[in-house]
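One structure below.
Labels below follow one simple rule: chain letters A, B, ... track the order of the sequence lines, proteins then strands, and each chain is numbered from 1.
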There are 2 protein chains.
Amino acid sequence: MAIDSKYSILFESVNIGPVTARNRFYQVPHCCGLGHMRPRAHAAMRAMKAEGGWAVVSTEEAEIHPSSDLSPFPEQRIWDDHDIPALRLMTDAVHEQGALAAIELVHNGSHSANHLSRTPVLSPSETSIDLIYPKQARAMDKTDIRTFRQWHRDAALRAKRAGFDIVYVYAGHRLTLAHHFLLKDSNDRTDEYGGSLENRARLTRELLEDAKDAVGDKCAVALRFAVDEMMGPSGMQASDEGREVVEMLAEIPDLWDVNVSDWSNDSATTRFQPEDGYQTSYIDFVKQMTSKPVVAVGRLSSPDMMVSMVKNGIVDFVGAARPSIADPFLPVKIRDERVDEIRECIGCNICVSCDNMGIPIRCTQNPTMGEEWRRNWHPEQIDARGTEQDALVVGGGPAGLECAMQLARRGYEVTLAEARSELGGRVTAESSLPGLGAWKRVADHRTYDLGQRGNVQVFLDSKLDASHIGELGIRNVFIATGSIWRRDGVGRTCRTPVDVADGASVFTPDDIMAGKLPDAGHVLIYDDDQAYLAGVIAEHLAMLGKKVSFVTPASIVSPWTRETLEQTRIQTSLLEKGVDIIPHGQLRTVGPDHSRVACTFTGKIRTLDCHSVVLVTERHRVSDLFDALRQSANNDAGPELAALELIGDAAAPGLIADAVYSGHKAARDFERDKSEVELAFYRREIIALS
Amino acid sequence: MAIDSKYSILFESVNIGPVTARNRFYQVPHCCGLGHMRPRAHAAMRAMKAEGGWAVVSTEEAEIHPSSDLSPFPEQRIWDDHDIPALRLMTDAVHEQGALAAIELVHNGSHSANHLSRTPVLSPSETSIDLIYPKQARAMDKTDIRTFRQWHRDAALRAKRAGFDIVYVYAGHRLTLAHHFLLKDSNDRTDEYGGSLENRARLTRELLEDAKDAVGDKCAVALRFAVDEMMGPSGMQASDEGREVVEMLAEIPDLWDVNVSDWSNDSATTRFQPEDGYQTSYIDFVKQMTSKPVVAVGRLSSPDMMVSMVKNGIVDFVGAARPSIADPFLPVKIRDERVDEIRECIGCNICVSCDNMGIPIRCTQNPTMGEEWRRNWHPEQIDARGTEQDALVVGGGPAGLECAMQLARRGYEVTLAEARSELGGRVTAESSLPGLGAWKRVADHRTYDLGQRGNVQVFLDSKLDASHIGELGIRNVFIATGSIWRRDGVGRTCRTPVDVADGASVFTPDDIMAGKLPDAGHVLIYDDDQAYLAGVIAEHLAMLGKKVSFVTPASIVSPWTRETLEQTRIQTSLLEKGVDIIPHGQLRTVGPDHSRVACTFTGKIRTLDCHSVVLVTERHRVSDLFDALRQSANNDAGPELAALELIGDAAAPGLIADAVYSGHKAARDFERDKSEVELAFYRREIIALS
């Protein structure tokens, strides 16, 4: 893989203890909602990263013992030998592609509830478990610690037998027993495992030494460690104890995988952390303190930044979780100097949300993510076109763009018609709002790609009706006409329109995103969508100096964003901007200068002064063109079509990720036999009965 | 099974279409967190009900198609033939015990997100899905409806092949497509499936007719229908459309399984619905409108009430979900006139919480529930004692009582010592609070049982220390000394004590339950436990006329109680009693006449006037006796013990259910080989790789 380019340093091989990585691209451990419940899907997903050029491909956290039982979440498991065959699927598949396989051994301590195993919960100190379930952990005694070390050692041996090349000790994210021992505020012990930092680090040191002793002949032993908790002096800091830990254990692990804690800081979204490489200032001291290779992360997609981090002695490996999800072929694209083809992570944390929901990983930018096994989808390969030659895509939002791009890759002559003067649809609209700028990459990547191809014609300002489509004579038609926000207040908690008086001033998100804003006065934002947009609009209007009240039937602002690790930041930001948050409120009436809101518990009515209302509730599908074409087809009138597909929000309003997926799927499947396509819906992994 | 007693009517056989139930005890469908992910555990649990005498044993809801994909929840599945072997485990096991097996076919419509399958979400009308995830369902067209009917028919055929005797059509709980079509507010269609009740009921009628046509030769077809939504005129009512539906479809199903909606009403807890048989007044009209057998529920544990319901022509079958969980052997105990041995359901909804969390079912009263396969536990059978003869249990709370009872059943000579003047421990204390009276049954059942046995000695007012235990000379000692609530404010969100000024008046739940109450003035209840107790104490003090503020770092009162379907009722009740609820607040200081509370988002401090504070945060384990005995044993001093076990809250504070389980487990396992006992922790069901 020797190349001679400005990126060649990234393709140098690097030793990690007894093993050698073929280059500097390192997929650090990341969750994926597959784990022990979907081993074949997991192996196929990880293998795709290896195929895409990553030198190291890691698992998500792998529970080492039933006392670290995260049920119902499907993380990885290595409780005993029964788990080895499933893990072996991954190591074999990763090795086949020339990469090293790493496993992140974990004991979650008081972060696990042990709901399935019902073993006692373990912790350095007496404490509630880290879940809203009334159970407390017991402070481990010396016997517990010895036993725990034996479990960890045994798990390392099993990992070696399962074929892993790198075995992790994990002390990060406040999620693990080793980290709980390290942190002052979760360790109140008075024995040699508590008190001084040396004492608190003792367990991590022992786990590393045990692992090296057990498997160090064949496997590298890595330490994943959060150098800073981003809590200032209330937590561990890189300038203080974080640095001391690295100094103390410097040469013990074969590799340092360093990051910041907690997970919401490590996986910060672009909404709150727009800078790629945002962890560098925290971790840049590490390499100076150890001769061992260092890997770090921070949403690193830019090859120039990667080169600079290596050249400046900040890292040996470019670590990635989310960028490797958005583009598993990132290393290969850099190697082949196809940098402009990289699908950059937009930092939306849809991937994270899947793990939080316990469902298979999805990605806004990469619709094949999590579908490698089930649908046999490859992010870079797609079948050449079938019998048809031409395709028309109506609507250039996320579904239409993805569909057009994949159709073009398949070799169809593609016509893309967009009613507005700009491509991108809702992506363009939403990315104009505060914090969502990086989402524009969804449109930019596809617009750029379409522009590079000779078989694509894009028409802007081209709103089509059924007769136009007849005139065009293209027989394969994809309708991606999107959705519009309802103006009547029908949403999650109320299925009948809100009572709006004459003269009342009512806006929808479409108005706001189109720049149509409330006049002076007090604005009430009503969120019965409960996803993310109402919170963004509140931020937007508050930043414009409006006096804003935020009313929602939910108990918090934007509850969905808990799954993307953003909710706390959102509500804090709104409060700091002076937004008045009124939870548990259902909008009943809107008048010219006041609205009435009912308490969702008691029904008690509260009157709020406000001069305009923004209703963020639910969306109408825009499907009139599709309906007209289908109607014509049913009547044997109108254009004769080979395929007519409704995709994206026009078919089912959802996330941008859902729209991209829908467009991708239609482009792949529209000429296939329908019943064969349907089979994939049924494809799943099932419990063994013998 | 012919018996001649006042209960003999309950043991008459009853025909249901082409099949015959051996008696009138009918386990209606209920969720259990086992489903398709734990098929062997599921089969063993259902088989235990059959062994316990139920004539019909049903599954939980079984998804008929990938478009009703409830992932990540492990309900039952019958998507295709791959699911048949797992379901066959259940039908075979249930048949072996002489019972009929029923399956509740379901399509969840807009209640499912289809996170795994990624199929479109279906609904009678355009609507958001019924989950906090930004996705909308599409209104089904006629083709969709025809296709759906075919899926349902195919699923019925698969159910028949899997060996089921009864196949359900499910129109209840607002959880199913058939119900969504039936209800006015979720059906805005203008075709023959919307508008009039006859139109809205058309789909249910068709599903019934399809199922009878497909499998009616061998299987009975049941309809599960919610006659009333308990929303007054805003929803379907038994006095109105509920009755009309029964009239309209009266003779079509082979059995009517009727209840109330939604789930929180059907599975009402004793806290909010203390009356057993609480559904009778809603469903008592049904039998008058149909010649088909009727089953109904309502936490029915009283044999006299059962007899009266049958004799009065209200039901043909006594339906049960929760009472069959608390006591799978309820029918056999009635048959054998061992009514006093019935473990009555306490209506706490721990079983429900497990399904809501996606974990295996647990029960406060029946610690063997969900452990039938994994640990091979039988609720009515336990091994005779091992080599030892005597056992001492210190502490008569839930763990100690259960442990003592099981030890006595095993044949040990049991001494139970309780420090207080009454048995029951925290059960007795908590059940004195408003709404929790029925929880007393946990203690009553066990106290009664112990009283019936000749091999048990109970000592009250007997606080033991290590020297007493030496004097007693009993070699097997179980320490169940419970826990006490912390008085320093350390809880989930703060690991350092709250700053309490001299002269401040601070209470704990133990004080309140012991009758030590705040004086006049304003009381602040601080809930950093976030389970249930603070909400109950707030209710208690408000009912005593105190002015109460409820401060919590959570966003709602008692967030854990969402899992038990109680949260809305709790917060509503407190608001109606005038309690001032302050969410997102962390208690910082407590003074004699005011406290300071920080916003969990911004840190902004708010000063609240209050004259006393009740801290509901975390518990200290009471383990000094255990520690002393262990210390002595380590030093070869003190009494020579064969076994020393720490159980219940003294080992790990948790739910009452956890304490009962802990006591049960210790009684079963203490003489067994430790490593053999540990094996059960690892026992789990694993994905097939071939």
Among all residues two or more places apart in sequence or in another chain, which pass the salt bridge (Lys or Arg N to Asp or Glu O under 4.0 Å) test with B:R683?
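Here no residue qualifies.
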With sequence neighbours left out, what residues match B:D83 under salt bridge (Lys or Arg N to Asp or Glu O under 4.0 Å)?
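Scan of B:D83 (salt bridge (Lys or Arg N to Asp or Glu O under 4.0 Å), adjacent residues dropped) gives A:R684.
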Could you go step by step and tell me if B:S110 and B:D130 meet the side-chain hydrogen bond (donor to acceptor under 3.5 Å, both in side chains) rule?
CA-CA 6 Å; B:S110 58; B:D130 183 22; over 6 Å; no
Sort out for me which of [options] touches chain B most, counting heavy-atom pairs under 4.5 Å.
options	result
A:S117, A:P653, A:A554, A:S555	A:P653
A:I556, A:D80, A:D185	A:D80
A:L116, A:I129, A:D658	A:L116
A:P134, A:P72, A:A531	A:P134
A:L575, A:D649, A:V121	A:L575
A:M357, A:E576, A:R562	A:M357

Should the pair A:R375 and A:F681 be classed as cation-pi, given the thresholds of under 6.0 Å to the six-membered ring centre and 45° from the axis?
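Satisfied, under 6.0 Å and within 45°.
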Over-ring placement of A:R621 relative to A:F626, 6.0 Å and 45° cut-offs
no
Examine whether an atom of [X] lies under 4.5 Å from a heavy atom of chain A, and if so say whether it belongs to the side chain, the backbone or both; otherwise answer neither.
X	answer
B:R118	both
B:S186	neither
B:H36	backbone

I'd like to know which of [options] tops the heavy-atom pair count under 4.5 Å against chain A.
options	result
B:E618, B:R495, B:H65, B:E563	B:E618
B:S128, B:C599, B:P85	B:S128
B:R77, B:E685, B:E126, B:R138	B:E126
B:I132, B:I687, B:L533, B:D529	B:I687
B:T602, B:L89, B:L689	B:L689
B:Q571, B:K135, B:R40, B:Q530	B:Q571

Please classify the contact between A:T600 and chain B as side chain, backbone, both or neither, with a heavy-atom cut-off of under 4.5 Å.
neither
Interchain contact, A:A137 with chain B, by part (heavy-atom threshold 4.5 Å):
neither
Between A:K665 and A:E371, is there a salt bridge with N-O shorter than 4.0 Å?
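No, no charged N to carboxylate O under 4.0 Å.
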Lys/Arg N to Asp/Glu carboxylate O, A:D355 vs A:R362, below 4.0 Å:
no
Are A:Y532 and A:W560 close enough that their ring centres sit under 6.0 Å apart?
no
Measuring centre to centre across the rings, with the benzene-like ring taken for any Trp, is B:Y682 within less than 6.0 Å of A:H82?
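No.
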Can you see which heavy atom on A:D69 is nearest to which on A:P66, and at what distance?
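Answer, listing the atom of A:D69 first, then A:P66: CB-O, 3.1 Å.
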Name the one of B:T617, B:T493, B:T552 that satisfies side chain to side chain donor-acceptor pair (under 3.5 Å) with B:D528?
B:T493
